[in-house]
Asker: 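Just dropping this structure here.
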Amino acid sequence: MRAQSLIFPRMRARDLLHPRPEGLYCPPGGFFIDPVRPVDRALVTHGHSDHARAGHGAVLATRETLDIMALRYGADFAGSTQAAPLGETLPLGGVSVTFHPAGHVLGSAQIAVEHGGMRIVASGDYKRRADSTCQPFEPVACDVFITEATFGLPVFRHPPDRQEIARLLKSVGQFPESAHLVGAYALGKAQRVMRLLREAGFDRPIHIHGALAKLSAYYQSRGIDLGELRPATLEPGGKGDFAGAIVIGPPSAFADRWSRRFPDPIGCYASGWMRIRQRAKQLGVELPLIISDHSDWDELTATIHETGASEVWVTHGREEALVRWCELAGIAARPLHLVGYEDEGD
Ligand SMILES: [Zn+2]
């Protein structure tokens with residue numbers, strides 16, 4: 001089976017899946033994966049807005065991803081929807097597709113596409129470290145592994161997330177009169193920070209910006225215990241209510257006047273980009289927390305080895321370094337130069 005694919009690896013793989021302006025296209029299956037423009041049939045890896053867009057004819061995704069899309073875009077976000085249970089192989093046109101967990105955010109999946117003895121895995125966004133808000137990434141043996149490269153440079157090595165949360169809690173203890181404002185993306189990162197706080201023993205209410213309310217309630221409805229969440233609503237003259245509080249909101253909220261109403265606010269930001277001090281400084285972040293929902297360099301390279309893929313396609317991020325690493329490791333690799341993926345959940 002695999003021997004056949006080795007004779008014409010590139011030819012065969014490209015016939016099964018190749019980039020088009022709309023996204024990755026599968027001609028024998030008649031579908032796109034994570035298309036950035038409206039198409040007839042879309043397979044969606046996860047709910048981040050750069051991967052999951054409204055306006056497709058039909059969408060196949062995990063139950064959670066479909067629910068998240070409905071929460072964000074309204075129930076009529078697609079002509080029709082079908083839930084893909086993880087690990088179940090579904091026939092689609094002339095090919096077989098199977099969704100496997102990706103460990104990125106709730107509902108995130110890799111999509112394995114199989115046809116004529118060739119298996120390609122499109123992993124979407126993924127990470128390898130433990131995250132109690134979603135199912136862990138599952139390595140899938142394949143001929144071609146399609147990987148992101150958001151943090152595809154050796155300089156990116158994420159520290160343990162517990163260590164980062166401990167720094168936040170230490171600051172909360174040191175500055176009891178301040179409100180700690182934590183910027184975190186609304187889907188995934190925010191809920192992961194909440195869980196990490198709970199796991200570290202923080203049992204006081206966590207205050208949240210309105211933009212996080214629906215998604216956090218959805219996580220809770222799926223059995224992910226985020227503890228008591230309270231709206232971070234500011235009454236006139238009520239600054240004192242937030243002394244010592246942890247307030248979580250989308251990063252954009254902390255750039256506007258909303259954040260200045262909290263008492264002696266300390267700006268924090270949970271993102272893999274906080275590894276770059278310059279970036280933290282530019283954003284005015286006082287307490288950068290290096291917490292990422294993407295793989296770091298070691299996770300990317302280890303995962304490529306684990307899949308046993310003889311060929312790797314790199315979709316978005318720092319493609320060149322990872323392509324070069326593959327070549328040095330004797331693995332054929334190429335960048336796909338897909339556009340439209342903005343790392344919503346970095
Ligand atoms: Zn994502």
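Indexing begins at 1, ligand by ligand and atom by atom, following the structure's order. Start at 1 with the first residue, then count along the sequence.
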Asker: Which N, O or S atom name in H48 marks its closest approach to the Zn ion (ligand 1)?
Answerer: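 Nearest N/O/S atom of H48: ND1.
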Asker: For a distance under 2.8 Å, tell me if H104 has an N/O/S atom near the Zn ion (ligand 1).
Answerer: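 For H104, the answer is yes, given that an N, O or S atom comes within less than 2.8 Å of the Zn ion (ligand 1).
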Asker: Would H46 count as a contact for the Zn ion (ligand 1), in the sense that one of its N, O or S atoms lies under 2.8 Å from it?
Answerer: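 It does: H46 brings an N, O or S atom closer than 2.8 Å to the Zn ion (ligand 1).
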Asker: Please state whether the rings of F151 and W273 are parallel, tilted or perpendicular, taking 30° and 60° as the class boundaries.
Answerer: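 Answer is tilted, since the angle falls between 30° and 60°.
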Asker: Is a donor from one side chain sitting under 3.5 angstrom from an acceptor on the other, for D125 and H316?
Answerer: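 Yes, H316 and D125 have a side-chain donor paired with an acceptor closer than 3.5 Å.
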Asker: Taking 2.8 Å as the cut-off, does an N/O/S atom of D125 lie below it from the Zn ion (ligand 1)?
Answerer: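 So D125 does bind the Zn ion (ligand 1) by this criterion.
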Asker: Which pairs with one or both residues in residues 55-79 pass ring pair (Phe, Tyr, Trp, His ring centres under 6.0 Å), sequence neighbours excluded?
Answerer: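 Sorted pair list comes back empty.
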Asker: If we ignore hydrogens and angles and just use 3.5 Å, is the side chain of T89 paired with the main-chain N or O of T98 as donor and acceptor?
Answerer: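 The answer is no, because no donor-acceptor pair under 3.5 Å joins these two groups.
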